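What you see is a predicted model, and the numbers here were worked out from it, not measured in a lab. Residues: numbered from 1 along the sequence shown.
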Amino acid sequence: MNKQLTSLIFASMLSLQAGAVVDKNFDYHVDNFADIEVLRYEVPEFDRLSLNQKKMVYYLSQAAQYGRDIIWDQNGRHNLQIRKLLENIYTNYKGDKNSAEFKAFEKYLKQVWFGNGIHHHYSTDKFSPEFSETFFKEQVNALPENLLPLNPGETRAQLIATLSPVIFDPTVMPKRVNQDGSGDVVANSASNLYGEGVTQAEVEAYYASLKDPNDPEPISYGLNARVVKENGKIKEEHYHLNGLYGPAIAKIIYWLDMAKSVTENDAQKAYITKLIDYYVTGDLRLFDEYSILWAEDTTSDVDFVNGFIESYGDPLGMTGSYESYVNFKNGKASARTEAISSNAQWFEDNSPVDPRFRKPVVKGVSAKVITAAMLAGDAFPSTAIGINLPNANWIRAAHGSKSVTLENITEAYDMASHGNGFNEEFVIDEPTRKNMEDYLYITDMLHTDLHECLGHASGQLLPGVDQDALKENGAALEEARADLFALYYLADPKLLELGVIDSPDAYKAEYYKYMLNGLMTQLNRIEPGKDIEEAHMRNRQLIAAWVLEKGKKDKVVELVKKNGKTFVKINDYKKMRNLIGQLLGEIQRIKSEGDYAAGAELINKYAVKVDPKLHKEVLDRYSKLSIPPYRGFINPQYVPVYDNKGNITDVKLKYGENYTQQMLRLSQDYTTLGF
């Protein structure tokens with residue numbers, strides 16, 4: 001890499017670390033309730049976009065938001081009805097709004113909004129209302145008949161009888177995604193991806209009958225379908241214009257068609273057209289064709305994701321939850337991701353895995369830093385900070401993948417976290433804190449870049465291996481594989497050579513943070529007495545616990561006591577990197593060979609169980625810091641400006657809404673599926 005580009009990367013990264021890309025007076029904080037803080041994010045440089053690009057962002061944002069009801073219904077069959085009922089109670093309440101019952105009701109409503117349903121967005125446990133069932137029934141009975149969200153033929157009394165146990169009984173629909181190992185993951189999960197009476201064995205047998213193990217381009221069966229039982233037989237209800245979720249999909253199609261009228265180039269128009277065709281038909285082969293066209297478009301400034309994408313919400317890891325991101329490229333910050341992606345073959349060739357599992361030729365790995373402009377579906381209010389798509393392994397191998405890092409989202413998290421006391425409470429000593437202060441922002445960004453750009457795109461399945469072979473453990477193991485790839489290369493001299501980092505010790509900041517989080521601080525997100533179930537949390541504990549155990553003899557990493565408190569101590573960073581490489585090699589083998597038993601053994605041994613004593617200590621120490629375990633965002637508004645002929649002459653950004661205002665407006669403007 002030439003020195004000019006190296007300087008550009010450093011200048012970009014250092015300005016980001018200092019928060020220079022955003023208005024320092026921007027108000028990030030919006031709301032706090034339960035275990036959640038709601039933030040807003042800035043959309044810097046929106047005004048630099050051309051009029052057509054602004055229109056594109058607006059049209060795509062409309063398409064994104066019109067899918068909102070889909071994710072709510074996917075998350076639970078009563079969610080849409082409950083949302084409407086709770087909102088009508090809230091907006092028509094005539095009593096004392098300072099009463100304990102109403103305040104508890106308001107808190108519950110905010111939790112339900114954040115979770116896109118009655119289950120927590122991360123733990124997937126059902127929320128426990130702190131207002132009484134009597135209060136709920138009184139408020140339902142106080143509503144006029146026309147404000148009751150009734151199903152056809154349903155009475156007020158039947159509405160109360162149906163929804164009361166769903167909301168108040170902890171044994172009814174207790175967990176949206178249940179992978180606790182207690183039994184049938186389909187039957188024991190409360191999501192609406194499967195019909196009543198459908199079992200895990202039936203679903204697995206059904207899809208096994210459809211799959212051709214010798215197909216080099218396997219269809220992602222189940223990605224856009226609800227599996228139900230009809231007359232004793234398993235069948236799919238597909239998501240498409242004339243099928244399930246048709247009214248919402250019709251709106252998405254309309255706004256995608258509007259976006260097609262202002263595309264930047266023919267490639268962008270082609271993949272939007274193909275996405276519309278897929279939404280009309282539900283044909284997964286068309287989705288594959290769209291995914292290839294989308295991955296190959298690396299020149300468009302404005303970009304987006306819209307569809308049934310990630311399968312974390314499915315206990316079997318097959319059905320995609322509706323999600324959407326709208327974004328545009330951050331050209332200056334993309335220099336570092338382009339430096340990494342342009343060397344993808346070197347990283348693949350030098351990966352510490354069996355050569356049989358490496359890609360001999362890495363195709364089409366592209367990466368960029370983006371400015372998020374709209375978050376929707378399963379990406380809202382809680383969002384990822386990086387994306388790598390498409391998910392189909394054969395498309396990655398033959399056509400490549402596209403990775404993005406959401407810079408302004410990461411920046412918002414960072415700016416909202418200044419001075420919270422975390423490092424002083426949990427980081428072992430001043431030299432380690434200083435290293436983290438100097439390098440953690442940069443290495444965090446690089447970890448995301450490497451995870452998304454190269455980690456997910458690395459490796460290959462052996463011929464005939466089913467991409468779903470790891471079943472319920474697939475998501476956690478895939479995230480671990482990508483994290484390990486990123487961690488391994490963060491410490492590689494190649495990053496110094498590429499100029500994306502300026503110190504051989506910078507990686508230590510991310511190594512320390514990762515071990516601290518995986519062994520201790522992420523436990524702040526777990527309720528006492530519960531195991532870890534969320535895929536990303538399992539991934540992090542798996543890596544940290546495995547490294548701790550395998551390095552025990554040499555004291556590579558230790559948990560030590562200092563003034564009565566537990567701290568992570570890393571004694572040998574180089575040996576830790578070697579251990580990371582060993583685990584990467586094993587998890588890549590497991591994926592490449594489809595070794596379900598070995599994957600399950602790793603998950604069950606290292607990723608699930610929690611030390612109750614350490615857990616209590618972490619919770620006690622966190623409680624003194626007032627740091628919410630979870631954060632999410634509200635979106636800006638895009639307001640078109642029209643001339644007297646009805647033509648859009650500009651699109652303006654607005655940030656002024658609070659959390660409640662935004663959620664009520666979304667329900668008013670974007671409801672598509674009844675009620």
With a 4.0 Å cut-off on N to O distance, would you call [X] and [Y] a salt bridge?
{"X": "Lys494", "Y": "Glu497", "value": "yes"}
{"X": "Arg589", "Y": "Asp354", "value": "no"}
{"X": "Lys552", "Y": "Glu549", "value": "no"}
{"X": "Glu425", "Y": "Lys565", "value": "yes"}
{"X": "Lys175", "Y": "Glu533", "value": "yes"}
{"X": "Arg577", "Y": "Asp492", "value": "yes"}

Which atom names give the shortest non-hydrogen contact between [X] and [Y], and what distance separates them?
{"X": "Pro629", "Y": "Asn524", "value": "CG-ND2, 3.4 Å"}
{"X": "Thr448", "Y": "Gly386", "value": "CG2-CA, 3.9 Å"}
{"X": "Ile370", "Y": "Asn408", "value": "O-OD1, 4.0 Å"}
{"X": "His456", "Y": "Asn388", "value": "CB-OD1, 3.5 Å"}
{"X": "Thr566", "Y": "Met520", "value": "O-CE, 3.4 Å"}
{"X": "Tyr606", "Y": "Ala545", "value": "O-CB, 3.8 Å"}

Between atom [atom1] of [X] and atom [atom2] of [Y], what is the distance when rounded to the nearest 0.5 Å?
{"X": "Arg336", "Y": "Leu495", "atom1": "CZ", "atom2": "CG", "answer": "12.0 Å"}
{"X": "Met576", "Y": "Lys508", "atom1": "CE", "atom2": "NZ", "answer": "12.0 Å"}
{"X": "Leu454", "Y": "Tyr488", "atom1": "CG", "atom2": "OH", "answer": "14.0 Å"}

Considering residues, nucleotides and ligands other than [X], do more than 12 of their heavy atoms fall under 6.0 Å from its [atom1]?
{"X": "Glu558", "atom1": "CD", "answer": "yes"}
{"X": "Lys613", "atom1": "NZ", "answer": "no"}
{"X": "Lys624", "atom1": "NZ", "answer": "no"}

Please answer whether the main-chain N or O of [Y] pairs with a side-chain N or O of [X] as donor and acceptor at a distance below 3.5 Å.
{"X": "His119", "Y": "Met173", "result": "yes"}
{"X": "Asn79", "Y": "Trp72", "result": "yes"}
{"X": "Gln179", "Y": "Pro315", "result": "yes"}
{"X": "Ser99", "Y": "Asp96", "result": "yes"}
{"X": "Thr124", "Y": "Val177", "result": "yes"}
{"X": "Lys569", "Y": "Ile428", "result": "no"}
{"X": "Thr405", "Y": "Val369", "result": "no"}
{"X": "Tyr659", "Y": "Lys110", "result": "yes"}
{"X": "Arg538", "Y": "Ile603", "result": "no"}
{"X": "Asp414", "Y": "Thr410", "result": "no"}

Would you call [X] and [Y] a side-chain contact if the rule is heavy atoms closer than 4.5 Å?
{"X": "Tyr489", "Y": "Ile340", "result": "no"}
{"X": "Asn604", "Y": "Asn473", "result": "no"}
{"X": "Leu406", "Y": "Asn327", "result": "no"}
{"X": "Leu625", "Y": "Asn420", "result": "no"}
{"X": "Val557", "Y": "Leu579", "result": "no"}
{"X": "His29", "Y": "Leu39", "result": "yes"}
{"X": "Pro352", "Y": "Leu584", "result": "yes"}
{"X": "Phe422", "Y": "Thr521", "result": "yes"}

Exercise for the section: Kindly indicate, with the supporting measurements, whether the criterion salt bridge (Lys or Arg N to Asp or Glu O under 4.0 Å) is fulfilled by Glu478 and Arg481. Expected result: CA-CA 5 Å; Glu478 173 59 19; Arg481 192 179 70 89; 3.0 Å; yes

Exercise for the section: Could you walk me through whether Tyr512 and Asn435 pass side-chain hydrogen bond (donor to acceptor under 3.5 Å, both in side chains), step by step? Expected result: CA-CA 10 Å; Tyr512 190 87; Asn435 182 265; over 6 Å; no

Practice task
Verify side-chain hydrogen bond (donor to acceptor under 3.5 Å, both in side chains) between Tyr28 and Glu411, making sure each step is shown before the conclusion.
Solution key: CA-CA 10 Å; Tyr28 294 94; Glu411 184 74 14; 5.4 Å; no

Exercise for the section: Assess whether ring-ring contact (aromatic ring centres under 6.0 Å, His included) is satisfied between Tyr622 and Phe426, documenting all intermediate values. Expected result: CA-CA 9 Å; Tyr622 253 109; Phe426 285 104; 5.1 Å; yes

Practice task
Take the angle between the ring planes of His451 and His447 and call it parallel below 30°, perpendicular above 60°, tilted in between.
Solution key: tilted

Problem - Stepwise salt bridge (Lys or Arg N to Asp or Glu O under 4.0 Å) test for Lys107 and Glu130 - result: CA-CA 9 Å; Lys107 173 184 172 182; Glu130 296 168 7; 2.8 Å; yes

Problem - Among Tyr413, Phe380, Tyr655, ring-ring contact (aromatic ring centres under 6.0 Å, His included) partner for Phe633 - result: Tyr413

Exercise for the section: Scan Phe135, Phe33, Phe131 and name whichever one has a ring-ring contact (aromatic ring centres under 6.0 Å, His included) with Tyr108. Expected result: Phe131

Exercise for the section: Measure from NZ or CZ of Arg621 to the centre of the six-membered ring of Phe567, then state whether that distance is under 6.0 Å and the direction lies within 45° of the axis. Expected result: yes

Practice task
Identify which one of Glu534, Gln541, Arg540 satisfies the side chain to side chain donor-acceptor pair (under 3.5 Å) criterion when paired with Gln522.
Solution key: Arg540

Practice task
Kindly say whether the aromatic ring centers of Tyr312 and His536 come within a distance under 6.0 Å.
Solution key: yes

Exercise for the section: Scan side-chain atoms only and decide if Thr432 and Asp429 contain a donor-acceptor pair under the 3.5 Å cut-off. Expected result: yes

